[in-house]
Amino acid sequence: MNTTTPASTPPVQRPTHLRSHCYHGLAPGPRLLVTGAVHGNETCGTRAILQLLQDIDAGAVAIERGTVTFVPVTNPLAFQLGQRVGDRNLNRNMAPSAIPQDFEDRIANVLCPLLDAHDVLLDLHSFHTGGSPFVMIGPQNNRGTLEPFSHAAEEMQLALHTGPYRIVEGWLDTYARGVQRRAAAPSPANGVRAQTLVTNPNYGVGTTEYMRSRGGYGVTLECGQHDDPQAVGVARHAILQTLALLGISNGTLLPEPASREILRLVDVTDREHTGDQFTREWRSFDAVNAGDVIGTRHSGTPVTAPADGFVVFPNPRSEVGQEWFYFAQRRA
């Protein structure tokens with residue numbers, strides 16, 4: 001009789017550090033931070049950064065002015081797990097924590113000082129459903145309380161040189177309205193801390209919003225669908241053009257795109273029940289007319305487009321109490 005006790009599966013070893021690669025040009029210049037895999041299943045930025053590190057080390061790309069720092073994997077736990085988040089979404093509620101509660105708090109305690117030490121951020125992402133690449137920018141220059149800003153012209157120039165013709169604005173104020181609705185009628189969430197986070201007015205603050213709050217500027221580049229092989233090339237092109245635009249490298253700066261489309265996020269809809277379903281397989285920037293049914297609640301109530309516009313970031317796998325989709329319109 002075999003009395004051998006089966007070996008138990010060892011626990012997953014959690015990452016204990018954040019890896020970065022820094023290059024200093026021998027002439028003064030701006031300080032650029034390039035991040036990949038803020039969400040662990042969005043790896044096109046990681047692959048583009050690793051390719052470019054080899055090119056820099058081989059002398060194919062010269063860093064001549066200023067500083068550029070690359071973080072290929074910004075959330076190593078989520079990356080290790082092959083999923084969007086580790087303990088929570090790193091790109092929400094971005095701020096240092098005196099008493100960190102989870103892995104992402106600990107990453108933020110390292111990442112926020114790194115953001116503080118730079119002037120410009122290029123944050124590389126991808127998205128769940130199909131669609132064309134696009135770039136997200138912050139607000140116009142303002143002295144308001146939500147997201148005061150004074151570098152709108154520089155940020156727009158950066159966005160235009162990353163490659164995509166479609167530019168999206170209005171993230172933080174749209175998200176803030178969604179948070180207000182959650183706080184007024186809390187949706188079920190995974191525990192008290194999760195509910196506290198998603199109803200926090202600062203929950204919409206991610207890498208670029210934090211960078212703006214510290215006096216810098218930056219863009220979020222959505223390079224394509226997660227598994228699109230072209231997304232790596234989109235990310236690489238954006239990095240090279242950003243280096244050229246800032247004068248950090250000696251690369252050729254291409255002209256701004258001849259045409260552009262600027263859309264503004266105007267609303268966000270949360271998933272309220274696991275039975276909430278889309279009426280079709282939506283892609284980001286699919287056009288809708290006022291009254292078109294986008295999805296159906298578990299109760300059978302239709303969720304309709306409030307006006308003519310576009311579906312953005314549809315996520316059929318979103319968690320209850322999290323963003324289901326955004327709604328955008330062309331900038332007036």
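- A tilted orientation is assigned to the rings of F134 and F313, their planes being inclined by 30° to 60°.
- Note: H226 and H128 have perpendicular aromatic rings, judged against thresholds of 30 and 60 degrees for the angle between ring planes.
- E323 has a carboxylate O that lies under 4.0 Å from a charged side-chain N of R92, or vice versa, which qualifies the two as a salt bridge.
- Enclosure of atom CZ in R19 is not indicated, since only 12 or fewer non-hydrogen atoms of other residues, nucleotides or ligands lie within 6.0 angstrom.
- Q241 contributes a side-chain N or O that, together with a main-chain N or O of T252, makes up a donor-acceptor pair within less than 3.5 Å.
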Give the intermediate values and the outcome of side-chain hydrogen bond (donor to acceptor under 3.5 Å, both in side chains) for residues Y210 and N93.
CA-CA 9 Å; Y210 181 85; N93 203 45; over 6 Å; no
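- H273 contributes a side-chain N or O that, together with a main-chain N or O of G275, makes up a donor-acceptor pair within less than 3.5 Å.
- Side chain of R47 to backbone of L50: no donor-acceptor contact under 3.5 angstrom is found.
- Between R212 and E155 there is a salt bridge, since at least one side-chain N of the basic residue sits less than 4.0 Å from a carboxylate O of the acidic one.
- Under a 4.0 Å N-O distance rule, the pair R181/D267 qualifies as a salt bridge.
- Between the side chain of T301 and the backbone N or O of R297 there is no donor-acceptor pair closer than 3.5 Å.
- A cation-pi arrangement is absent between R260 and Y165 under the rule of less than 6.0 angstrom and at most 45 degrees off the ring axis.
- The pair R84-E42 counts as a salt bridge, with a side-chain nitrogen and a carboxylate oxygen less than 4.0 angstrom apart.
- Electrostatic pairing of D173 and R264 counts as a salt bridge here, judged by a charged N lying under 4.0 Å from a carboxylate O.
- Of the candidates R31, H24, H118, T67 forms a side-chain hydrogen bond (donor to acceptor under 3.5 Å, both in side chains) with just one, namely H24.
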Residue pair V288, W282: steps toward the side-chain contact (heavy atoms from CB on, under 4.5 Å) verdict
CA-CA 10 Å; V288 291; W282 294 101; 3.6 Å; yes
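- Looking at R271 and E319, no side-chain N of the basic residue comes within less than 4.0 Å of a carboxylate O on the acidic one, giving no salt bridge.
- Residues D308 and R330 are not paired through a salt bridge, judged by the lack of any N-O separation under 4.0 Å between the basic side chain and the carboxylate.
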